[in-house]
Trainee: 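Let me begin by handing over the structure; questions about it come next.
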Amino acid sequence: MTNTEVLIHELVEKHGKTRNALMPVLQGVVAREKFLSEEAMIAVARELDLSAADVYGTASFYTFLDTKPRGKNILRVCKTISCHMQGKDAIIRAIEDHLMVKVGETTHDKKFTLLTANCLGWCHKGPVLLINDEVFPSMTPEKAIEIIEDFSKKTN
Amino acid sequence: MVNLKINNTPIQVEEGTTILEAAKRLNFRIPTLCNHPDLTVAGNCRVCVVEVKGARLLAASCATPVSEGMEVNTNSEKVRIARKHILELLLSEHNADCTKCFKNGHCELQELASEYRFGDHIFIDLVKAKDKIRDISSPSISKDASKCIRCQRCVRTCAELQSVCALAVANKGDHQVITTFMNKPLNDVVCTNCGQCINRCPTGALYERNYIEDVWHAIYDPNKFVVVETAPATRVALGEDLGLDPGMRVTGRMVSALRKMGFNKVLDTDFTADLTIMEEGTELLTRLKKALVDKDETVKLPMMTSCSPGWVKFQEHMYPGLLDNLSTCKSPQQMFGALAKTYYADKINIKAENMVVVSIMPCTAKKFECNRSEMRDSGFKDVDYVLTTRELAMMIKQAGIEFEKLEDGNYDSILGQSTGAAVIFGTTGGVMEAALRTAYEIITGNEVPFTNLNIKPVRGMEGVKEASIKIKNTKPDWNFLEGVELNVAVAHGLANAKLLMDAVNSGKANYHFIEVMGCPGGCIGGGGQPIPTSAEIRKRRAEAIYAEDMGKPIRKSHENPEVTEVYNEYLSHPLGHKSHELLHTHYKVRNRY
């Protein structure tokens with residue numbers, strides 16, 4: 001069994017073999033692998049006795065269940081109206097320039113993927129940056145770069 | 001009981017009835033698109049909205065149960081405006097190149113559009129933004145996402161009726177699409193090619209890969225000798241696409257039409273259905289003997305039928321552990337092709353390479369089957385083209401043949417004569433019944449102990465049927481079967497097949513012989529049959545099949561004189577050397593994922 005298959009087997013042991021387990025299992029895979037590979041979706045389908053198309057259908061519905069390869073850290077800048085008015089474009093531009101990627105792309109060293117997100121519920125403290133599960137409110141371009149550099153050092 | 005008023009007309013209906021059903025009883029037609037009598041309620045297309053007095057919003061009548069004192073209006077101004085807008089929204093993302101569409105004239109969206117006569121687009125045309133790439137990877141089913149209105153009938157069909165789930169809904173909002181796993185081509189996924197999705201697609205988003213031009217081309221080619229074979233279930237459904245009522249038997253007219261179209265010989269898949277019974281019946285008895293007398297543990301029981309190519313591919317994907325249980329017999333279509341290009345070509349002095357075999361099938365999976373690499377035992381592609389019943393109807397119209405006025409024609413001989421046992425292959429339980437009629441008589445010398453040979457327990461539309469027949473007064477060769485209860489089961493629709501296979505795998509079921517047909521109702525409900533389909537339509541076609549059986553002078557496969565002749569002249573005996581070469585095959589394991 002590959003590492004992914006072992007992980008999925010463990011997740012299914014934990015969450016059960018019913019269809020209800022599909023979401024937590026997929027989330028568990030994304031938590032470790034950052035995205036759902038074809039191999040992972042097939043393994044989930046097999047473990048839960050679902051069709052692969054069904055698993056893909058569910059995965060593709062949720063923005064946070066990615067089906068494309070992602071970097072070790074996923075940066076999401078909120079693009080909704082409050083953050084937009086508080087300067088999210090400048091944040092995005094700064095990150096793009098610093099990491100030399102466009103929104104949707106992953107850095108060559110696979111450390112970062114830059115994405116946008118719909119409202120993250122931090123309208124009072126925008127613009128907001130989400131790195132993996134951690135929220136960074138009231139961003140300025142400088143602060144964002146500083147935080148990203150910290151993450152870069154922590155990531156091998 | 002619940003009392004309500006629809007368009008001011010009072011009606012009393014059972015609790016749980018939907019507004020749509022109640023309105024239908026009063027003969028008020030409410031348009032629908034996502035709703036289908038064979039499927040669960042989805043309520044997503046919204047064209048069936050109605051106004052309920054006191055409710056703030058319009059209600060989807062297919063998904064709203066009636067309640068006491070309800071007052072419904074199915075055609076108020078509010079309803080009409082909403083319905084028009086809903087249809088215009090659907091059309092704004094529908095690639096409406098109707099004149100070039102294969103479903104032209106058979107499209108529910110087109111019908112509604114013709115009722116409402118829309119002028120210019122009032123919404124932005126979204127078709128330009130859509131992915132217009134068609135998936136034509138499959139020899140059976142084509143998929144055109146630009147025509148999809150996302151009603152999800154196909155997804156529900158694939159899941160609820162067939163337990164295959166090759167299609168799913170992916171993404172969300174305006175990006176929502178009906179697709180396969182990771183958008184792979186249909187030919188590369190678990191699709192069994194059954195075509196049930198085509199039968200239920202309200203637009204031209206799903207349609208069969210058609211071979212109409214190829215067949216005309218062959219007919220016009222003076223160097224080609226074009227032979228046509230017709231499947232049992234086509235003769236009770238073809239009329240529906242040519243202006244006749246469901247359940248009308250049109251065997252003779254179909255033969256005449258094919259002859260007028262220019263086929264050199266009009267022959268019958270029913271002939272090879274009889275031949276299948278000889279081969280498959282003998283195979284069953286051989287397996288029973290090996291298992292019961294020789295105690296050979298390698299012999300796999302229950303034996304399962306292999307006529308339905310959708311079912312065969314389903315097994316290859318889903319239950320590869322049971323492939324040895326499948327009869328090695330090719331389907332009647334493929335037996336026909338293999339015999340046509342060997343025995344028959346020799347007999348009528350035609351070179352096999354100049355022969356083109358066309359088969360008329362109620363089935364889309366047959367198109368895949370004839371392209372399988374195993375199906376070339378004659379040294380050529382045994383069956384060249386498969387046309388669905390629908391394609392044949394189109395060709396008859398193209399040829400300018402007035403079908404209703406045709407005289408009845410007769411099949412050519414040889415490979416044209418058939419028995420009542422063959423025609424019932426076209427409905428669920430038919431292969432089983434035909435096999436039992438012959439096997440019982442081989443074993444005992446007596447007819448099956450059922451009135452008029454009608455084995456009622458294996459008939460009808462129940463999902464899984466079971467029967468036991470006690471074998472009595474065996475002939476000496478078969479005395480090991482004396483007193484044995486022969487247990488059989490019949491399933492139709494792959495969801496039912498799955499139930500049956502799980503029972504077999506769990507060891508709970510103790511069957512000797514299982515018949516499975518991939519489509520609901522068997523071939524009469526096949527993916528290549530006229531659209532629409534419903535339980536009522538399938539019932540009428542099945543009744544026609546049994547009427548055809550009763551009308552046949554010979555009703556047991558082993559009494560078909562042409563079958564005897566072919567054995568005498570060529571094959572020698574069932575499961576003989578030649579049979580193995582031409583009429584039997586093997587299966588391959590396919591990925592489930």
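When reading the values below, keep in mind they use all heavy atoms of this one structure, side chains included, and skip hydrogens, waters and symmetry mates. Residue numbering restarts at 1 for every chain, and letters A, B, ... go by the order of the sequence lines. Treat the numbers as computed from the prediction; the structure is a model and nothing was measured.
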Trainee: Looking at A/T63 and B/K172, what are the two nearest heavy atoms and their distance?
Mentor: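 A/T63 and B/K172 have their closest heavy atoms at OG1-NZ, 3.2 Å.
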
Trainee: Please identify, among B/V164, B/V155, B/N183, the residue contributing the most non-hydrogen atom pairs under 4.5 Å to chain A.
Mentor: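 So the answer, after comparing B/V164, B/V155, B/N183, is B/N183.
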
Trainee: B/V190 versus chain A, heavy atoms under 4.5 Å apart: side chain, backbone, both or neither?
Mentor: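 No part of it gets close to chain A.
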
Trainee: Just wondering, more than 12 heavy atoms not from A/M85 lying within 6.0 Å of its CE?
Mentor: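 No - once you tally the heavy atoms of other residues, nucleotides and ligands closer than 6.0 Å, there are 12 at most.
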
Trainee: For residues B/C165 and A/A53, report the shortest heavy-atom separation together with the two atoms involved.
Mentor: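 Answer, listing the atom of B/C165 first, then A/A53: O-CB, 3.4 Å.
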
Trainee: Considering only heavy atoms from C-beta outward, does the side chain of A/V55 approach that of B/F181 to under 4.5 Å?
Mentor: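 Not touching, per the 4.5 Å side-chain cut-off.
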
Trainee: Can you find a heavy atom in the side chain of A/Y56 that is under 4.5 Å from one in the side chain of B/T179?
Mentor: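 Touching, per the 4.5 Å side-chain cut-off.
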
Trainee: If you count heavy atoms of other groups shown closer than 6.0 angstrom to NZ of A/K143, is the number above 12?
Mentor: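 Check passes, neighbour count above 12.
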
Trainee: Can you check whether A/M41 reaches B/M182 side chain to side chain, under 4.5 Å on heavy atoms?
Mentor: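 Yes; the side chains approach each other to less than 4.5 Å.
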
Trainee: Determine whether more than 12 heavy atoms belonging to other residues, nucleotides or ligands lie under 6.0 Å from atom NZ of A/K68.
Mentor: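 Counting other residues, nucleotides and ligands, NZ of A/K68 stays at 12 neighbours or fewer.
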
Trainee: Measuring from B/N591:CG to A/I42:CD1, what's the distance to the nearest 0.5 Å?
Mentor: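 Going from CG on B/N591 over to CD1 on A/I42, the span is 8.0 Å.
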
Trainee: Does A/K154 have more than 12 heavy atoms from other residues, nucleotides or ligands lying within 6.0 Å of its NZ?
Mentor: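 Buried by this count: over 12 neighbours within 6.0 Å.
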
Trainee: Shortest non-hydrogen contact from A/A52 to B/Y593?
Mentor: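 Taking A/A52 first and B/Y593 second, the nearest heavy atoms are CB-CD2, 3.8 Å.
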
Trainee: Within a reach of under 6.0 Å around CE of A/M100, are more than 12 heavy atoms found that belong to other residues, nucleotides or ligands?
Mentor: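 Open.
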
Trainee: Within the supplied structure, the quantity of interest is the number of heavy atoms (other residues, nucleotides, ligands) at a distance under 6.0 Å from A/H108 NE2; does it exceed 12?
Mentor: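 No - once you tally the heavy atoms of other residues, nucleotides and ligands closer than 6.0 Å, there are 12 at most.
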
Trainee: Do you know which two heavy atoms are closest between B/R592 and A/L50, and how far apart they sit?
Mentor: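 Shortest heavy-atom contact: NH2-O, 3.9 Å.
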
Trainee: Using a 3.5 Å distance criterion without hydrogens, assess whether the side chain of A/S60 forms a donor-acceptor pair with backbone atoms of B/A170.
Mentor: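 No, the answer is negative, given that no donor and acceptor are paired below the 3.5 Å cut-off.
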
